Structure formats: C-alpha cells, structure tokens
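Here is the structure we will look at.
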There are 2 protein chains.
Amino acid sequence: MCVHASLRPRIPVWNADIVTTPPPGLRERKKKATREALREAALRLAMERGPDQVRVEDIAEAAGVSPRTYNNYFASREQAIVSAVTADREARIAAAVAARPAGARLADVVTEAVVEQYTNTGEREHAALLLIITRTALRDAFLDATAGIEHPLAAVIAECLDDAGTYTARVLAAGVAAAVRIALEGWLQPAGNEGAAGSFGGGGLVVPSGSLPDQLRAALAPLSPAFDAAERRTRP
Amino acid sequence: MCVHASLRPRIPVWNADIVTTPPPGLRERKKKATREALREAALRLAMERGPDQVRVEDIAEAAGVSPRTYNNYFASREQAIVSAVTADREARIAAAVAARPAGARLADVVTEAVVEQYTNTGEREHAALLLIITRTALRDAFLDATAGIEHPLAAVIAECLDDAGTYTARVLAAGVAAAVRIALEGWLQPAGNEGAAGSFGGGGLVVPSGSLPDQLRAALAPLSPAFDAAERRTRP
DNA sequence: ACGCAAACTTGCGTGCACGCACATTTCCTG
DNA sequence: CAGGAAATGTGCGTGCACGCAAGTTTGCGT
C-alpha cells in the first residue's frame with residue numbers, strides 16, 4: 001500500500017559503500033523513492049490510458065501520496081511524465097565526461113558522452129518517446145528537460161578546465177544543452193516548418209533529418225572551437 | 001474606452017513607408033496594439049500596487065479586453081509584466097547585427113550589439129527592473145525572456161554566414177542567448193550562493209560581480225572562437 | 001459592393017499550481 | 001535517551017491556464 005515498503009528493513013540496506021559517501025539518511029532516501037514512484041506512476045498511467053486521461057490526482061494516488069505532495073516534487077504534469085525518461089541522463093553524461101581518458105580533447109569527450117547517452121535508449125524509453133511526441137505540451141517539456149544537463153555538466157567542465165571563477169564552463173555547458181535541444185527539435189520534426197531560420201534571405205529549407213546521433217554531432221560541432229580554445233587557455 | 005482609439009482615422013495613417021513593406025493590415029496593427037496595451041497595463045499596475053496585488057482580471061480590464069483574450073497573448077502574468085521591459089530588445093539586437101560594417105568580426109559585432117542593447121536602459125526600465133528582482137517568479141520570467149533572442153539572431157547570423165542548411169547559426173544564436181542569461185544571473189546575484197559550479201573541486205566561489213557590460217562581455221567571450229571558426233568556414 | 005472564409009474575441013467549465021498553516025517525521029545535541 | 005529544531009506531508013483556498021464552442025471582425029475574390 002505504501003511505496004516506501006521496500007526500504008523498511010532498517011538494519012543493513014547498504015553494506016559497503018558507507019566508506020565513500022556519508023550515509024544518505026532516511027529522509028533523503030524517502031524523498032528519492034517518492035520522486036521515483038511519482039515518475040513511474042505518471043509514465044505508466046500516461047501509457048496505459050493516454051496522456052490526456054491522467055489527472056494529477058491519479059498520479060498521486062498511484063504513488064501513495066497526496067496531490068499536494070505531488071506538487072512539491074513536480075511543477076507540472078508534463079514534467080513528471082517526461083522526467084521518467086530523462087532522469088539521470090544528466091548525471092550519466094556528467095559522469096562519462098568526468099571519467100575521460102586524461103589527454104582526450106574535451107570537445108570530443110563531451111560529444112561522445114552526449115551521443116552515447118541519447119543513443120543507448122531502452123525499449124521502454126523508446127515507447128515513451130512515441131507517446132511524448134504526440135502531445136505538444138509533452139514535447140516541449142521533453143525539450144526543456146535538456147536544460148537539466150547544464151549544471152552538472154558545468155561542474156565537470158569547470159574541473160577539467162581548472163576554472164572556477166569565470167563564466168567559461170557555465171557558458172560552454174549551456175551551449176551544449178542548447179545544441180542538444182536544437183538537435184532534438186530537428187530530429188523530432190518531420191517537415192512542414194515555415195519561417196524558422198531564413199527570415200528574409202533566400203528560401204530557408206532547414207532540418208537535414210538524419211539519425212539522432214548525426215543530428216547531435218552536427219549540432220555540437222560548431223561548439224568545438226570554443227572548447228578547444230578554453231582548453232588551450234588551461235594548458236598552453 | 002477602447003485601446004485602439006489611436007488608430008481610428010482610417011484614411012492616411014501611413015504616408016510614405018508603404019513602398020518598403022507590404023501594408024501591415026488592420027488586423028495585425030490591432031493585434032500589436034492589444035499586445036502593447038496589455039504589456040503596459042501589466043507593468044503599470046504592477047508598479048503602482050506591487051506585483052502580487054495585480055490579477056489577470058485587472059490587466060485585461062485596463063487594456064480593454066476580456067481576461068480570456070489576455071490569455072491568448074501571454075501564457076503567464078509574469079510574462080506580460082516582463083515583456084514590457086524586454087520587448088523589442090530581440091529585434092533591435094538582430095537589427096544591429098544585420099547592419100554590421102562589412103568586414104567586422106562577427107563575434108565582436110554580436111557582443112557589441114548585445115552590450116549596447118542591455119546598457120542603454122531608460123529610467124523607466126531601470127525602475128521596472130528593481131521591481132522585477134523582488135519576486136522570484138518575475139526574475140525567472142525575465143531570465144527566460146533572453147531566450148527570445150535566439151530565433152531572430154539565428155536568422156541574421158545565418159545570413160552573415162551564408163549558411164541556411166546546417167545547425168551552426170542556430171547553435172551559435174542559442175549559445176549567445178544562454179550566455180546572456182548566465183551573465184544576467186551573475187549580475188542579479190549579490191552573493192550567498194552555494195554549490196553552483198564547484199561540485200567537488202575546491203571551494204567554488206563564483207560570480208565576479210562587476211558591471212553588467214563586463215559580465216556580458218565575459219560571458220560572451222568563450223563563444224568567440226566558435227564564431228571565428230564559423231566565419232572562417234564561410235570565407236577561407 | 002457583396003458575401004464567404006479565415007482570423008480573432010469571448011464566456012464557460014475544468015483541472016491545476018501554489019501559498020499558507022498545521023500535523024508528522026527525521027535528525028541532532030546534550 | 002529525551003526533547004527541540006528543522007524538514008517534510010497534507011488539507012484548504014485562491015487565482016490561473018487553456019480547451020471548446022459560439023459570436024464577431026477582417027480580408028479578399030468576384
């Protein structure tokens with residue numbers, strides 16, 4: 001009946017990783033569990049009965065909390081549904097960048113990390129995506145979720161660049177987030193756009209429409225010189 | 001009683017600029033007027049009685065439209081208030097870039113255009129800013145509004161670069177928008193932030209806290225190499 | 001000048017986001 | 001281990017965002 005049943009055994013849930021991180025505490029584990037329960041409930045219900053047939057009340061009930069509590073975790077229904085797909089991608093990208101092979105070009109490392117995390121998509125996530133693109137609100141929330149990479153990525157880039165005082169790392173990370181969003185926009189669009197880019201130049205046919213990895217690489221490529229320059233600044 | 005009173009004389013409102021642009025049409029002028037009336041009403045009321053004492057109903061009434069119509073123009077109350085300050089900045093920045101002196105470095109032109117448009121702020125806008133920063137919701141809406149530069153800027157950059165098929169212009173424009181947002185974030189913060197950037201490196205004291213132009217230049221600087229590379233691609 | 005088609009406005013209804021105040025739980029310290 | 005400080009969950013109330021289905025205005029072709 002209660003979502004938190006799985007963490008009831010108080011005694012030895014975590015055996016060996018206390019040494020690395022200070023004990024997470026009951027509170028934080030509960031919070032994490034509640035958040036995940038809400039995510040899963042939102043996505044499951046949306047896939048079962050269609051996105052428009054799911055009310056906040058249903059999600060909260062399925063997760064075993066009050067509707068008001070649901071709202072303490074997610075600012076919108078779309079955010080809850082989408083986060084079931086996008087959660088942790090940020091952390092995994094940041095981790096992949098942090099674990100780079102010492103001498104590698106930062107631009108390449110970031111690009112590969114992004115491509116990797118957006119390519120290795122499970123069956124469940126793929127099905128969820130098909131659902132997401134059917135509703136504009138969900139599509140927008142999905143695209144907005146890319147902004148979530150910004151902060152963790154800025155942290156690791158700042159470390160790589162040994163740069164903790166300037167805007168460089170933050171701007172580069174934000175640029176990556178924006179590029180990913182643009183690549184996804186292009187990928188999700190079949191055709192039929194009008195004045196997107198060419199406002200008064202010749203005709204502006206945009207959107208090459210290739211595979212997702214290609215789109216991501218193409219969108220990230222223009223940022224490479226900025227990464228190279230930043231890296232050069234660190235080790236001349 | 002009606003906001004559109006100023007355009008009542010149907011006969012000769014526009015004398016000499018028909019040659020340059022196709023006649024705007026009554027419809028579009030009315031729309032523009034309504035939007036502007038809503039903006040002004042929102043800001044004026046917010047400054048008169050404080051941001052929290054203004055309801056959508058009040059704004060709509062002051063602009064002479066129904067509350068439902070207000071909602072066809074702005075998706076949130078914050079957006080309406082903030083847009084009174086940020087409106088047209090996008091267009092002016094884009095215009096300034098489009099009118100660049102033939103051989104100038106694109107990165108410099110964009111930087112100067114941005115700095116110029118964020119520096120020459122009138123007395124009224126300054127007062128509005130003081131109001132905006134007092135409410136988190138307004139502050140966020142103000143920062144989000146920087147994303148509005150993206151599309152017009154992408155258009156002019158694409159023209160400068162003679163590039164209408166790739167993501168380059170769009171990514172650069174989005175990078176600029178993100179950098180401006182970050183600069184504004186840093187400028188609006190006095191101090192007191194915690195783990196913004198240095199997640200596990202040493203202590204991460206960020207935010208140099210200088211003047212706005214300095215912040216903008218500092219945030220845009222890391223993107224210059226990307227602009228240079230893109231320009232080099234166009235004219236080798 | 002007429003009239004149709006498309007765009008815009010508006011009233012209504014529904015579900016939602018969120019502030020506030022209070023009950024409950026977790027954490028920490030003596 | 002007691003007890004208080006701090007964080008979290010919850011009910012309630014308010015204003016809001018937005019879909020829908022008329023009613024109204026604008027634009028355009030004939």
Side-chain angles (χ1 to χ4, degrees), chain A residues 1-5 7-8 10 13 22-38 42 45-46 49-61 63-81 83 134-141 144, chain B residues 1-4 7-8 10 13 22-38 42 45-46 49-61 63-81 83 134-138 140-141 144:
Chain A
M1 181 172 291
C2 177
V3 189
H4 316 299
L7 41 84
R8 185 136 39 89
R10 282 279 188 83
V13 166
L26 209 219
R27 229 171 209 166
E28 316 221 356
R29 273 178 292 152
K30 260 194 176 178
K31 240 177 114 165
K32 202 178 181 74
T34 300
R35 174 169 247 108
E36 193 170 324
L38 284 168
L45 290 176
R49 26 172 129 158
D52 300 332
Q53 309 307 317
V54 181
R55 281 169 313 193
V56 162
E57 190 186 348
D58 307 326
I59 300 175
E61 190 185 7
V65 296
S66 78
R68 185 62 183 85
T69 294
Y70 151 89
N71 239 64
N72 290 340
Y73 283 86
F74 296 101
S76 77
R77 208 176 59 257
E78 289 74 31
Q79 208 175 87
I81 297 176
S83 85
T134 65
R135 296 292 183 284
T136 307
L138 286 177
R139 207 189 76 109
D140 290 347
D144 283 350
Chain B
M1 185 170 291
C2 176
V3 189
H4 314 301
L7 40 85
R8 184 138 41 90
R10 282 280 187 82
V13 166
L26 208 220
R27 223 169 211 164
E28 317 222 355
R29 271 179 293 151
K30 259 194 176 178
K31 243 177 110 163
K32 202 177 184 71
T34 300
R35 174 169 247 107
E36 194 170 322
L38 284 168
L45 291 176
R49 25 172 130 158
D52 300 333
Q53 309 307 317
V54 182
R55 282 170 314 195
V56 162
E57 189 185 348
D58 306 327
I59 300 174
E61 190 185 8
V65 296
S66 79
R68 186 61 184 85
T69 294
Y70 151 88
N71 240 56
N72 289 340
Y73 283 86
F74 296 101
S76 77
R77 206 176 62 257
E78 289 74 31
Q79 209 175 88
I81 296 175
S83 85
T134 64
R135 296 291 184 282
T136 308
L138 285 177
D140 290 348
D144 283 350

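None of the values given here were measured: they were computed from a predicted structure. Chain A is the first sequence line, chain B the second, and so forth, proteins listed ahead of strands; every chain is numbered from 1.
- At a cut-off of 3.5 angstrom, counting only N and O atoms as typed in the model, there is no donor on one side facing an acceptor on the other between the side-chain of B/Arg77 and the base of D/dA17.
- Atom CZ of A/Arg29 is separated from atom OG1 of A/Thr34 by 12.5 Å, given to the nearest 0.5 angstrom.
- One atom, CD of B/Gln53, and another, P of D/dG15, lie 10 Å apart when rounded to the nearest Å.
- Rounded to the nearest 0.5 Å, atoms CG (A/Leu45) and CD (A/Glu61) are 9.5 Å apart.
- When distances are taken from the side chain of A/Arg27 to each of C/dT26, C/dA7, C/dC18, the shortest belongs to C/dT26.
- Note: CZ (B/Arg35) to P (C/dT9) measures 10 Å, nearest angstrom.
- Distance CZ (A/Arg29) to P (D/dT8): 15 Å, rounded to an integer number of Å.
- Inter-axis angle, ends of the helix from C/dA1-D/dT30 to C/dG30-D/dC1, five pairs per end, rounded to 10 degrees: 40°.
- Comparing B/Glu28 and B/Arg68, the nucleotide of DNA chain D nearest to each residue sits closer to the 5' end for B/Arg68.
- By the neighbour-count criterion of 12 heavy atoms within 6.0 Å, atom CD of A/Gln79 is densely surrounded, having more than that number from other residues, nucleotides or ligands.
- At least one side-chain nitrogen or oxygen of B/Lys30 sits closer than 4.0 Å to the OP1 or OP2 atom of D/dT26.
- Whole-Å rounding puts the A/Asp58 CG to C/dC16 C1' distance at 13 Å.
- Where B/Phe74 and A/Tyr73 meet DNA chain D, the nucleotide closest to each residue was compared, and A/Tyr73 sits on the side nearer the 5' end.
- The listed nucleotides are D/dA17, C/dT25, C/dC16; the one nearest the side chain of B/Val56 is D/dA17.
- Side-chain contact check for A/Arg55 versus A/Asp58: some heavy-atom pair is nearer than 4.5 Å.
- Side chains of B/Tyr73 and B/Glu36 form no contact here, defined as non-hydrogen atoms less than 4.5 Å apart.
- Using a 4.0 Å cut-off, no side-chain N or O of B/Tyr70 falls inside it from OP1 or OP2 of C/dT10.
- Both tests pass for A/Arg35 against the ring of A/Phe74: distance under 6.0 Å to the centre and angle within 45° of the axis.
- We find that CZ of B/Arg135 is positioned 13 Å from C1' of C/dG19, with the value rounded to whole Å.
- Between the CG atom of B/Asn72 and the P atom of C/dT9 there is a distance of 7 Å, given to the nearest Å.
- Applying the 4.0 Å criterion to OP1 and OP2 of C/dT10, one finds that B/Ser66 has a side-chain N or O inside that range.
- Within the nucleic acid shown, A/Arg55 comes within 4.0 Å of sugar-phosphate atoms alone, with no base atom in reach, counting heavy atoms only.
- Side-chain contact between A/Asp52 and A/Arg135 is present, with at least one heavy-atom pair separated by less than 4.5 Å.
- Taking atom CG on B/Asn71 and atom P on D/dG15, their separation rounds to 16 Å, with Å as the unit.
- Between the P atom of D/dT14 and the CG atom of B/Asp52 lies a distance of 17 Å, rounded to the nearest Å.
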